[in-house]
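The structure appears below as structure tokens.
The structure displayed is predicted, hence computed values, not measured ones. To find a chain, count down the sequence lines: A is the first, B the second, and so on, and within it residues start at 1.
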There are 2 protein chains.
Amino acid sequence: MQTVNVALGERSYPIHIGGELLERPGLLLPHLPQPRVAIVTNDVVGPLYLERLRRNLAGAGVAVLLITVPDGEAHKNWATLNHILDTLLRERCERKTTLIALGGGVIGDLTGFAAAIYLRGVPFIQVPTTLLAQVDSSVGGKTGINHPLGKNLIGAFHQPRLVLADTATLNTLPEREFAAGLAEVIKYGLILDAALFDWLEANIARLSARDPEALEYAVRRSCEIKAAVVAADERESGTRALLNLGHTFGHAVEAGLSYGTWLHGEAIAAGTVMAARLSQRMGLLPPADAGRIESLLSRAGLPVRAPALGVERYLDLMGLDKKVEGGKLRLILLRRIGEAFVTSDFPQGELRAVLASTV
Amino acid sequence: MQTVNVALGERSYPIHIGGELLERPGLLLPHLPQPRVAIVTNDVVGPLYLERLRRNLAGAGVAVLLITVPDGEAHKNWATLNHILDTLLRERCERKTTLIALGGGVIGDLTGFAAAIYLRGVPFIQVPTTLLAQVDSSVGGKTGINHPLGKNLIGAFHQPRLVLADTATLNTLPEREFAAGLAEVIKYGLILDAALFDWLEANIARLSARDPEALEYAVRRSCEIKAAVVAADERESGTRALLNLGHTFGHAVEAGLSYGTWLHGEAIAAGTVMAARLSQRMGLLPPADAGRIESLLSRAGLPVRAPALGVERYLDLMGLDKKVEGGKLRLILLRRIGEAFVTSDFPQGELRAVLASTV
């Protein structure tokens, strides 16, 4: 097991990474202010891991309430959130009852948001079971739900007390979802760590085969980068925005097709190619780098062409992005592999050309 | 104009208190990160003050979006919250757009909660127009909505950037609402400041007649006490709980009768008498003090007997309180006028006797 610390003063917390961590309830106990938890999971992850976690916690004397919600991004909404909150209230969960998110990014975002607003805030723990959640969404305290007008538009910053990333749970992950997680790992290389990108080019086959050693390295390195970025800028007033490379484009893809048609990581992959192509057209990113990016994403099993929603529709959907400021769209662009920056200064014509190059 | 500062590090903010502050948009401008605001008000306060505030802000070059919601505690719910959020999204309000709550406690709680979760948090300003909001709910960052199972059960801590308490707006306040605000002023005296309680006994008639000088003193002193308590314990892990004197009983009254039948301050008044009577039965509070409390509340025009909901129903409703811990109810009780404490140690029989002494 390896541990990465997220340094946020009194809200600091550890990320434990390793195989079979679900068998070690002792890792959770020090973070529970009362021996009572509510585990939120979905109907896909639940049958695989819920009973094991429940049994291990119960064996350690912890009272466990189970809340199961439907699987999928389409359920990251008010209705599911209300179901969680209603259950917590009906079962009289208290301010010191800890919510545990057992699942992927949707479960983490929903559970974290429920924890943020239940009784004005209760503790929560992330137990991510997808690659995307382990390398990205479980770390950093962003929680929320989708809105018909856009993704994650309603939410809160609410840091977990602990992240428990059991890499053994990735063995049951469908290939498409595993690839979606790789999109975020590749993103870390692109924005901040050229060496990680090089490593990924050399090891993408081992990773896709879920070689345990390669997996633990990729998760740990991703968490280290994310933890450093979050520690420097918890509420995204500056550098944290870099983590959104490909996301403004990607969110438009997700919203335009209705959530859940494309996986988040798939939309981010296509969005990252769009950001790279715009950077290239602006004379910032060398064409060879743009080619390497598209090639690595493709080898990771990810889509590199966004769906043809139409330029106007794209612009409309992108205008709802949280990064819009003073009516101006802000994008994350690339200067080279390993160096990203935020800007609202780009030629509209080039943006339109990129948005038109869809399939 | 007088100014009280709420000292919360980087989240510190001023409370300006005085007459005709709505005419001074210059007080608001330094707190707006972009020249754009959304004012949330209700259909009672709006016709009285909205146009004045809108005109003054527009005159200072600020773009103003207006959002009007129905008046009353019964509308402090998901439906109204969603209406606010939907409007903000439809009008493409951004992370730097400031929400302004123009109204009483319900408007402040709703708007503050919307600001807490819109795009994971945007700035907001409180412009309280009721006595209750000026002396209590607009200060301290508690925001939220009610749930069919209890009051303020869903919410967030989200501090305003500024509180602008225009005491001239209190002149249009109906008598019943004015009295409800006095319940909270009396509370401050009871929990922390015997001198304020003495002053209230001597000046309650002047206050009820809305003598400007008495009013400004009562609002300022209340804000000073609240600001000090909040600065010492922002998230209510300790002394801040004292501010809830009478609230566990009062919330049960409100929920038991369905929200809005009694005003919050009215329920708190009856709840405060219950807390005082329980303190007296336990041999803590001298009977003479309990008598003075009941007498002052009564002279302020407030109810001092709670409705007869039945003991079991009261206990059930109180069990949903946010202050329940380890299944144990925690109450704020009084040792004397000016000294309150939190305890979960009280004889059930005495509590039942108090809950039975209703009308």
Side-chain angles (χ1 to χ4, degrees), chain A residues 9-10 33-36 63 78-79 81-82 84-97 109 112-122 141-145 147-150 152-158 235-237 241 316 319-330, chain B residues 9-10 33-36 63 78-79 81-82 84-97 109 112-122 141-145 147-150 152-158 235-237 241 316 319-330:
Chain A
E10 61 183 13
Q34 73 176 189
R36 187 176 181 203
W78 282 120
L81 180 71
N82 267 314
I84 296 170
L85 294 170
D86 288 351
T87 309
L88 295 171
L89 281 169
R90 212 172 42 238
E91 299 294 331
R92 307 209 164 184
C93 291
E94 301 170 358
R95 277 186 175 165
K96 293 190 175 177
T97 305
D109 284 6
F113 191 35
I117 66 175
Y118 181 64
L119 307 183
R120 294 203 192 93
V122 298
K142 280 193 181 180
T143 73
I145 57 174
H147 184 279
L149 289 176
N152 295 326
L153 292 177
I154 309 298
F157 284 93
H158 190 56
R235 297 187 70 105
E236 197 168 313
S237 46
D316 193 51
L320 286 165
D321 193 81
K322 288 191 290 302
K323 285 177 292 302
V324 170
E325 189 177 320
K328 271 196 148 171
L329 192 60
R330 289 158 73 226
Chain B
E10 60 183 14
Q34 73 176 189
R36 187 175 181 205
W78 283 120
L81 180 71
N82 268 312
I84 296 171
L85 294 170
D86 288 351
T87 308
L88 295 172
L89 283 168
R90 212 172 42 239
E91 300 292 332
R92 307 209 163 184
C93 291
E94 303 171 357
R95 278 187 174 164
K96 294 190 173 176
T97 304
D109 283 7
F113 191 35
I117 66 175
Y118 181 65
L119 307 183
R120 293 203 192 92
V122 297
K142 281 193 180 179
T143 73
I145 56 174
H147 184 279
L149 289 175
N152 295 325
L153 292 176
I154 309 298
F157 284 93
H158 189 58
R235 296 185 70 102
E236 198 169 313
S237 46
D316 193 51
L320 287 164
D321 193 81
K322 290 191 290 304
K323 287 178 291 303
V324 169
E325 187 177 321
K328 270 196 149 172
L329 191 60
R330 290 158 74 226

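In this structure, chain A has heavy atoms under 4.5 Å from both the backbone and the side chain of B:Ile154.
Residues passing the side-chain contact (heavy atoms from CB on, under 4.5 Å) test with A:Lys328, sequence neighbours excluded: A:Ser344. For A:Arg90, there are no salt bridge (charged side-chain N to carboxylate O under 4.0 Å, His left out) partners, not counting sequence neighbours.
In this structure, the side chain of A:Tyr118 engages the main chain of A:Cys93 through a donor-acceptor pair within 3.5 Å.
Side-chain contact between B:Thr143 and B:Phe157 is absent, with no heavy-atom pair separated by less than 4.5 Å.
Taking A:Arg36, A:Gln34, A:Glu236, A:Arg95 one by one and counting their heavy-atom pairs under 4.5 Å with chain B, the maximum is reached by A:Arg95. Between chain A and the residues B:His158, B:Lys142, B:Lys96, B:Arg235, the largest count of heavy-atom pairs under 4.5 Å involves B:Lys142. Ranked by non-hydrogen atom pairs under 4.5 Å with chain A, the options B:Gly144, B:Gly121, B:Gly155 are led by B:Gly155. Interface summary for chain B: among A:Leu119, A:Asp86, A:Ile145, the most heavy-atom pairs under 4.5 angstrom belong to A:Leu119.
Using a cutoff of 4.0 Å between basic side-chain nitrogens and carboxylate oxygens, A:Arg120 and B:Asp109 are not scored as salt-bridged.
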